[in-house]
Colleague: 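My questions all concern the structure below.
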2 protein chains.
Amino acid sequence: MTDHLLSKGARGRPRQFDPDAALITGRALFHTHGYAALGIAAITEALGIRPASFYAAFGSKAAYFERIAEAYVAEVMPLETFFRDDRPIVDSIAELLGEAARRYTAFKDQAGCLILEALRAHRGDEGRCIALRIAQIRREKLQAFIARSAPAVALIATEVVTVTMAGMSAAARDGVSCAGLEQVAAVATVGLRSLIEGSA
Amino acid sequence: MTDHLLSKGARGRPRQFDPDAALITGRALFHTHGYAALGIAAITEALGIRPASFYAAFGSKAAYFERIAEAYVAEVMPLETFFRDDRPIVDSIAELLGEAARRYTAFKDQAGCLILEALRAHRGDEGRCIALRIAQIRREKLQAFIARSAPAVALIATEVVTVTMAGMSAAARDGVSCAGLEQVAAVATVGLRSLIEGSA
DNA sequence: TGAGTTATGTAGCGTTCGCTAAATAACTTC
DNA sequence: GAAGTTATTTAGCGAACGCTACATAACTCA
């Protein structure tokens, strides 16, 4: 053990836990319980460390969540994966929504989207502020992708995708099945196809 | 003043505040801040009373919110208003979604739906439990209305409406305009029309 | 080996939360 | 008036929150 801290030239007492593994664990915890409902006590107990060690490594609960959220958005359903130029934009959106239906229901105790759910806290909530910044960046990227082939309706189409994904994340949290969400995604896609093809 | 307490035969010291007015005030407060973020201190300060008076009148924060939420769902967009038999079911749904777009953005500091936003708290949250019960009843009513004219797709259509309204409420909270949400509602309606007419 | 550095364990700070016990004030009924 | 009832004010409880000061332990470098 303690392999993770054997970075050569590291001075001082070595860490007794793996910060990267702690981020993975924290991601699951935040996804299950939400930002506000997950306390430091629960985090440190799950990690097998004391609060002081947690704060020495991550600074604050908000900073810890921020690192987790950044990694999450980079890994889960990156937009580049869906928006390719070899097919109609609607097909890319359809695949995105369908994949969201599956992702959001893949793990029963981690339903929905980590970021979109954190967004639903009250205005001043630190977790929400972090999620908001991340969601805005992703939203702009999405709009840019859509604008490449449907500039006239890019804004409204982005709004529809955003609303649908937020609603699907909420529904997943409320227990709606994968099949149910896939059907919702399909219906939303019909509307989007009409919107986009009507603008061509 | 103190007219509200002059119920004949009321014994004991009369109330110095109007409980019904306190429910109206509380509704606005919960709608603005959310269940969890609104504390007893803020409530009692807004009402001009002390915590003890609040608890003597309402019992608990959860019971207070429950009365407010029940009144809210009974008053705001009752389903009977939309689902009439003199028009296609899709038109009723379209009007419901359009009205939601307007309602959710009508007051800038009270964006979205009181119930649907309370639903987004963590599992054990008292406000969420209350909202969940209310939302489930409304959902069943909605499904029954749709099933009257489109039984084969009532479940999935209900899912689509639920997801869309949850997403619209979230979007409204995030600052999306009324016009934007109306367009989203229109796009969702296109998908729903295809779904429902395709099942006839 | 000593100095410097970093992480750990212990213990608890200060704040906010929902809520309440106890005394008192204001009313109705007898 | 006296007795009974109910709402008020005052004051603060107990628990949970995020977070931290402090002493100590474990390492690297000179």
Side-chain angles (χ1 to χ4, degrees), chain A residues 1-22 26 29-30 33-66 68 121-122 124-130, chain B residues 1-22 26 29-30 33-68 118 121-122 124-130:
Chain A
M1 51 181 165
T2 71
D3 308 13
H4 43 274
L5 55 86
L6 293 185
S7 49
K8 253 194 177 174
R11 305 208 294 189
R13 179 172 177 172
R15 283 233 154 73
Q16 309 216 41
F17 72 101
D18 183 349
D20 289 332
L29 291 173
F30 277 123
H33 301 99
Y35 180 81
L38 180 63
I40 299 296
I43 295 171
T44 54
E45 190 181 2
L47 297 179
I49 62 176
R50 311 301 159 110
S53 297
F54 174 85
Y55 281 95
F58 300 110
S60 70
K61 179 183 168 185
Y64 180 57
F65 177 69
E66 186 163 26
I68 289 169
H122 75 275
D125 182 89
E126 280 181 320
R128 186 191 126 94
C129 293
I130 292 165
Chain B
M1 50 180 166
T2 72
D3 309 12
H4 44 273
L5 54 86
L6 293 184
S7 49
K8 254 194 174 175
R11 304 206 296 188
R13 179 173 177 170
R15 283 234 154 73
Q16 309 216 44
F17 72 100
D18 183 347
D20 289 332
L29 291 173
F30 277 123
H33 301 99
Y35 180 81
L38 180 63
I40 298 297
I43 295 172
T44 54
E45 189 181 2
L47 297 179
I49 63 177
R50 312 300 161 109
S53 297
F54 174 84
Y55 282 95
F58 299 109
S60 71
K61 179 184 168 184
Y64 180 57
F65 177 69
E66 186 163 26
R67 289 185 56 180
I68 289 169
H122 74 274
D125 183 88
E126 280 181 321
R128 187 190 126 93
C129 294
I130 292 165

Colleague: Kindly point out which of dG18(C), dA21(C), dT5(C) is positioned nearest to the side chain of R11(A)?
Modeller: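 From the listed options, dT5(C) comes nearest.
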Colleague: Has R15(A) got a side-chain N or O lying under 4.0 Å from the OP1 or OP2 atom of dT6(C)?
Modeller: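 So the side chain of R15(A) is outside the cut-off, no N or O lying under 4.0 Å from OP1 or OP2 of dT6(C).
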Colleague: Between dT8(D), dT20(D), dC19(C), spot the one nearest the side chain of A52(A), thanks.
Modeller: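 The answer is dT20(D).
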Colleague: In whole angstrom, what separates Y55(B)'s OH from dC17(C)'s P?
Modeller: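 That distance rounds to 11 Å.
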Colleague: Measure CZ/F65(B) against C1'/dG18(C) and give the value in whole Å, please.
Modeller: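 Rounded to the whole Å, the gap is 16 Å.
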Colleague: With nearest nucleotide decided by heavy atoms, which residue, R13(B) or G59(B), maps closer to the 5′ end of DNA chain C?
Modeller: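 Its nucleotide being nearer the 5' end, the pick is G59(B).
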Colleague: Name the closest nucleotide to the P14(A) side chain, picking from dA26(D), dT8(C), dT20(D).
Modeller: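 Of the candidates, dA26(D) comes closest.
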Colleague: With heavy atoms under 4.0 Å as the rule, sort L38(A) into base, sugar-phosphate or nothing.
Modeller: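 The answer is sugar-phosphate, as L38(A) gets under 4.0 Å only of primed atoms, P, OP1 or OP2.
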Colleague: Would you indicate, yes or no, if dA7(D) has its OP1 or OP2 atom less than 4.0 angstrom from a side-chain nitrogen or oxygen of S53(B)?
Modeller: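 No.
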Colleague: I49(B) has an atom CD1; how far is it from atom P of dC19(C), in whole Å?
Modeller: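 It works out to 14 Å between those atoms.
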Colleague: Taking for each residue the nucleotide of DNA chain D bearing the nearest heavy atom, is the 5' side occupied by I40(A) or by G48(B)?
Modeller: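 With I40(A) and G48(B) compared, the 5'-side residue is G48(B).
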Colleague: To check you understand the geometry: which heavy-atom pair defines the closest contact between R128(A) and H122(A), and what is its length?
Modeller: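 In terms of heavy atoms, the two residues are closest at CD-O, 3.2 Å.
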Colleague: Atom CZ of F17(A) to atom P of dT6(C): distance rounded to whole Å?
Modeller: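 My rounded result for the distance is 16 Å.
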Colleague: Locate the shortest heavy-atom distance separating I130(B) from A62(B); write the atom from each residue and the value.
Modeller: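 Heavy-atom minimum between the residues: CD1-O, 3.3 Å.
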Colleague: Where do H33(A) and A37(A) come nearest, in terms of heavy atoms and distance?
Modeller: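 Scanning both residues, the minimum pair turns out to be O-CB, 3.2 Å.
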Colleague: When you measure from the centre of the six-membered ring of Y55(A), is the NZ or CZ of K61(A) closer than 6.0 Å and no more than 45° off the axis?
Modeller: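 Ring-cation test returns no.
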Colleague: Could you check how far CZ of R50(A) sits from P of dT24(D), rounded to whole Å?
Modeller: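 R50(A) atom CZ is separated from dT24(D) atom P by 17 Å.
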Colleague: Nearest whole angstrom, please: distance from the P of dC19(D) to the NZ of K61(A).
Modeller: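 These atoms are roughly 8 Å apart.
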Colleague: Between atom CZ in F58(B) and atom P in dA7(D), what is the gap in whole Å?
Modeller: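 Those two atoms, CZ and P, are 11 Å apart.
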Colleague: For the pair Y64(B) and F30(B), name the ring-plane relationship: parallel under 30°, tilted 30 to 60°, perpendicular over 60°.
Modeller: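 Ring orientation of Y64(B) relative to F30(B): tilted.
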Colleague: Round to the nearest Å and state the distance from F54(A) atom CZ to dC17(D) atom P.
Modeller: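 F54(A) atom CZ is separated from dC17(D) atom P by 14 Å.
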Colleague: Judged by each residue's nearest nucleotide on DNA chain D, which is more toward the 5′ side, G12(B) or A56(B)?
Modeller: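 Here G12(B) is the residue nearer the 5' end.
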